[in-house]
There are 2 protein chains.
Amino acid sequence: MATSPADPLTLEVVELIGTVVARYHQEYEEAAAAHALTGAQARVLGLLTLEPTPMRKIATKLRCEPSNVTGIIDRLETRGLVERRPDPADRRVKVAAPTAEGLATARRLRESLRFAREPLGELTDVERTLLRDLLKRMLGEDAQV
Amino acid sequence: MATSPADPLTLEVVELIGTVVARYHQEYEEAAAAHALTGAQARVLGLLTLEPTPMRKIATKLRCEPSNVTGIIDRLETRGLVERRPDPADRRVKVAAPTAEGLATARRLRESLRFAREPLGELTDVERTLLRDLLKRMLGEDAQV
DNA sequence: TATTGTTATACTCTATAACTATA
DNA sequence: TATAGTTATAGAGTATAACAATA
């Protein structure tokens, strides 16, 4: 507690972060909608492009109940963007994996996410490095998604 | 376009911002849930504590359709946190305003939002000032919510 | 005629609980 | 027994379209 909750500087930074969060979300949803995806569908598809993932693990990463994942994958599968594969090692497990079309959609989606790339263009390399280090320290050692 | 999309430093900062966004949202939803509110309800209640607001204007600020606001205000009103007031100047307009209990709930909610206040405690005043200025430049002149 | 708010409808996301098939 | 995934159910947020009251 080095800082009082009412510290004006801290409150200003908190508000700025709130603005960043709002803008980020807005752009993400818009980019997803431009590909006829919901935000949740886009997030899951993005996850799967990193690595085909069992249903249960998707739920853990999304911090939601496993029953929700069933529906999201259902809808992505209906669209031909994802498929369920059996796990040879454990027949209870179903591994969700992107199709070729799913990979292509995810790539286009990623490229359309201008946010934080365009605004960062306003900064110099030195400033970006500074920002990176400040965010890292703010997030602590465990700064993984 | 001063920066290539593939610039590793930029990508790292984008990822860090993504982490901040994810953590911020998670904490916001948890804080809202701790007060038996959904995220949308908490956001609207927070808005109204700044200023009683016509339904239409709430929709604009939330960037959603006016029909959605009806439901959100309905639920807040049922809980006794918000009330609809007629606008003397235009009888079509209904102004949503927080009740005394709504104001108290909003204040407790605000105080429970530790995010970005606690992590910022890791930084010195100089660093916080630096972070503020970088975020401001990143967001541009129109850095309003 | 245009605008404000509401209703009706449909879809998605969400959690909870019960179910199945495996382990 | 325990675990992975699903189904059923209900509540909430969302958009669209049609509507009543008012401007």
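Just so it is clear, the structure is predicted and the values come from calculations on it, not from any experiment. All chains are named by letter (A, B, ...) in the order of the sequence lines, taking the proteins before the strands, and each is independently numbered beginning at 1.
Rounded to whole Å, the distance from CZ on B:Arg85 to C1' on C:dG5 is 18 Å. Regarding A:Leu62, its CG atom lies at a distance of 14 Å from the C1' atom of C:dA15, rounded to whole Å. The separation between A:Met55 atom CE and C:dT22 atom P is 16 Å, rounded to whole Å. The CG atom of B:Asn68 sits 17 Å away from the P atom of C:dA10 (whole-angstrom rounding). Note: CD (A:Glu29) to C1' (C:dC11) measures 15 Å, nearest angstrom. We find that CD of B:Gln26 is positioned 13 Å from P of C:dT14, with the value rounded to whole Å. The nearest whole Å value for the distance from the CD atom in A:Gln41 to the C1' atom in C:dT12 is 8 Å. When rounded to the nearest whole Å, the span between CZ of B:Arg91 and P of C:dA2 equals 22 Å.
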For this session: Could you provide the dot-bracket string of DNA chain D, using ( ) for intrastrand pairs, [ ] for crossing pairs and | for bases paired to another strand, with Watson-Crick or G-U pairs below 3.5 Å?
Result: |||||||||||||||||||||||
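DNA chain C is contacted by both A:Arg92 and A:Arg43; A:Arg43 maps to the nucleotide lying nearer its 5′ end (nearest heavy atom per residue). Between B:Asp90 and A:Ser67, the one whose closest nucleotide on DNA chain C sits nearer the 5' end is B:Asp90.
With hydrogens and angles disregarded, no donor-acceptor distance shorter than 3.5 Å links the side chain of A:Thr49 to the backbone of A:Leu47. Counting only distance, with no hydrogens or angles, the side chain of A:Glu127 and the backbone of A:Thr124 share a donor-acceptor pair below 3.5 Å. With hydrogens and angles disregarded, a donor-acceptor distance shorter than 3.5 Å links the side chain of A:Thr99 to the backbone of A:Leu81. A:Arg43 contributes no side-chain N or O that, together with a main-chain N or O of A:Thr38, makes up a donor-acceptor pair within less than 3.5 Å. Not a single donor-acceptor pair under 3.5 Å links the side chain of B:Ser112 to the backbone N or O of B:Arg110.
As judged by a 4.0 angstrom heavy-atom cut-off over every strand, B:Arg56 is placed among the base-contacting residues.
Of all nucleotides in DNA chain D having an atom under 4.0 Å from a heavy atom of chain B, the first and last in 5' to 3' order are D:dA12 to D:dA23.
Taking side-chain N and O atoms only, B:Arg84 has no distance below 4.0 Å to OP1 or OP2 of C:dG5.
The residues B:Arg128 and B:Asp125 are annotated as salt-bridged, a charged nitrogen and a carboxylate oxygen being separated by less than 4.0 angstrom. Remark: A:Glu122 does not engage B:Arg137 in a salt bridge, criterion side-chain N to carboxylate O under 4.0 Å.
Here the options are B:Arg84, B:Arg85, B:Lys94, the test is salt bridge (Lys or Arg N to Asp or Glu O under 4.0 Å), and the partner is B:Glu77; only B:Arg84 passes.
In this structure, the salt bridge (charged side-chain N to carboxylate O under 4.0 Å, His left out) partners of B:Arg92, at least two apart in sequence or on a different chain, are B:Asp90.
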